[in-house]
Amino acid sequence: PMAPEQTASAGEPAFERDGFTIKPLAHFEATARVLSRENYRFGTEAELSPTDLALGWGRMSDSAVIEQLDIDQGGRWYHYTWHAAEPPIPLREIVRSSANMHFVPADPAVADLLGRVREGQVIRFRGLLIEASRADGWRWRSSLSREDSGGGACEIVWLEQLETG
């Protein structure tokens with residue numbers, strides 16, 4: 001029922017991972033329902049983040065609401081449409097109560113757990129919202145808001161801990 005919790009990072013230093021510089025932006029944790037899952041194998045982003053999860057909390061974790069939506073993912077985007085003339089809950093609430101998150105597993109054990117997450121599960125996780133960059137100028141920065149949508153609105157999560165329910 002709760003929105004993700006985000007707290008400012010305390011000036012934690014950037015670190016290196018497989019040729020990428022990872023800069024912590026905020027501490028981040030949530031309990032949410034998996035609305036959809038998409039794996040990626042190609043592209044720079046996939047080198048860091050092999051899995052995106054569309055997640056919902058609040059009423060976007062309620063089966064009665066979710067059943068009235070068609071939810072899918074592709075190209076690192078999360079899409080939803082509704083069956084009726086109006087969405088089952090206000091559109092602004094859908095935006096505030098769901099997100100596409102790009103997950104960067106912090107270690108192989110977390111990567112293994114992430115690989116087993118399935119649509120419909122409730123997960124609990126903890127990590128960092130990050131900005132990733134490379135020496136060639138490539139850059140990927142997490143959103144720091146749950147109020148945004150569209151390009152740049154996804155969270156990029158350095159995933160340190162994951163529990164499935």
Side-chain angles (χ1 to χ4, degrees), residues 2-58 60-61 71-80 92 94-119 121-164:
M2 303 289 292
E5 294 182 29
Q6 177 179 318
T7 56
S9 69
E12 293 161 35
F15 55 94
E16 298 293 319
R17 160 103 177 257
D18 300 329
F20 294 92
T21 300
I22 307 298
K23 178 182 175 185
L25 302 174
H27 294 274
F28 192 68
E29 62 184 272
T31 299
R33 184 169 180 180
V34 179
L35 306 175
S36 181
R37 171 198 177 96
E38 187 72 23
N39 293 322
Y40 296 92
R41 295 181 14 216
F42 303 104
T44 302
E45 291 84 0
E47 292 176 38
L48 266 180
S49 172
T51 302
D52 285 2
L53 298 177
L55 299 176
W57 52 89
M60 278 300 290
S61 66
I71 295 171
D72 69 326
Q73 289 173 282
R76 297 284 180 176
W77 289 79
Y78 148 57
H79 307 275
Y80 46 84
R92 192 78 216 134
I94 292 174
V95 169
R96 277 195 319 263
S97 301
S98 65
N100 189 45
M101 298 195 189
H102 311 304
F103 285 94
V104 181
D107 60 49
V110 171
D112 182 58
L113 288 170
L114 181 61
R116 291 190 254 148
V117 170
R118 298 292 172 251
E119 185 176 314
Q121 284 185 303
V122 173
I123 63 170
R124 288 170 296 289
F125 64 92
R126 180 180 56 78
L128 300 165
L129 296 179
I130 63 168
E131 175 179 299
S133 61
R134 283 196 322 202
D136 64 4
W138 176 89
R139 185 173 153 259
W140 201 23
R141 184 178 174 89
S142 178
S143 168
L144 296 175
S145 171
R146 306 303 82 73
E147 300 286 329
D148 52 1
S149 67
C154 295
E155 286 71 23
I156 305 169
V157 181
W158 177 263
L159 186 60
E160 296 173 332
Q161 183 179 353
L162 174 65
E163 299 172 22
T164 58

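The chain is numbered in sequence order, starting from 1.
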Among Ser149, Ser98, Ser36, the one residue meeting side chain to side chain donor-acceptor pair (under 3.5 Å) with Tyr78: Ser98
Shortest non-hydrogen contact from [X] to [Y]?
X      : Y      : value
Pro105 : Leu48  : CD-O, 4.0 Å
Gly75  : Tyr40  : N-OH, 3.4 Å
Ala3   : Trp57  : CA-CD1, 3.4 Å
Ser61  : Gly56  : CB-O, 3.6 Å
Met101 : Val157 : SD-CG2, 4.2 Å
Ser142 : Glu155 : OG-CA, 3.4 Å

Inter-residue atom distance [X].[atom1] - [Y].[atom2], 0.5 Å rounding:
X      : Y      : atom1 : atom2 : answer
Arg139 : Thr44  : CZ    : OG1   : 15.0 Å
Leu159 : Thr51  : CG    : OG1   : 10.0 Å
Asn100 : Ser143 : CG    : OG    : 11.5 Å
Leu129 : Gln6   : CG    : CD    : 5.0 Å
Ile156 : Phe103 : CD1   : CZ    : 11.5 Å
Glu12  : Ile130 : CD    : CD1   : 12.5 Å

Heavy-atom check, side chain of Leu114 versus side chain of Leu53, under 4.5 Å: yes
Carboxylate-amine/guanidinium proximity below 4.0 Å for [X] and [Y]:
X     : Y      : answer
Lys23 : Glu131 : no
Arg76 : Glu38  : no
Glu29 : Arg126 : no

Heavy atoms from other residues, nucleotides or ligands near CZ of Arg118 exceed 12 (cutoff 6.0 Å): yes
Whether Phe125 and Phe28 hold their rings parallel, tilted or perpendicular, with breakpoints at 30° and 60°: tilted
Aromatic ring pairing Trp140/Trp138, orientation class (parallel under 30°, perpendicular over 60°, tilted between): tilted
Whether Ser97 side chain and Ile94 backbone form a donor-acceptor pair below 3.5 Å: no
Result of checking Asp52, Val117, Leu55 against Arg37 for side chain to side chain contact (heavy atoms under 4.5 Å, CB included): Val117
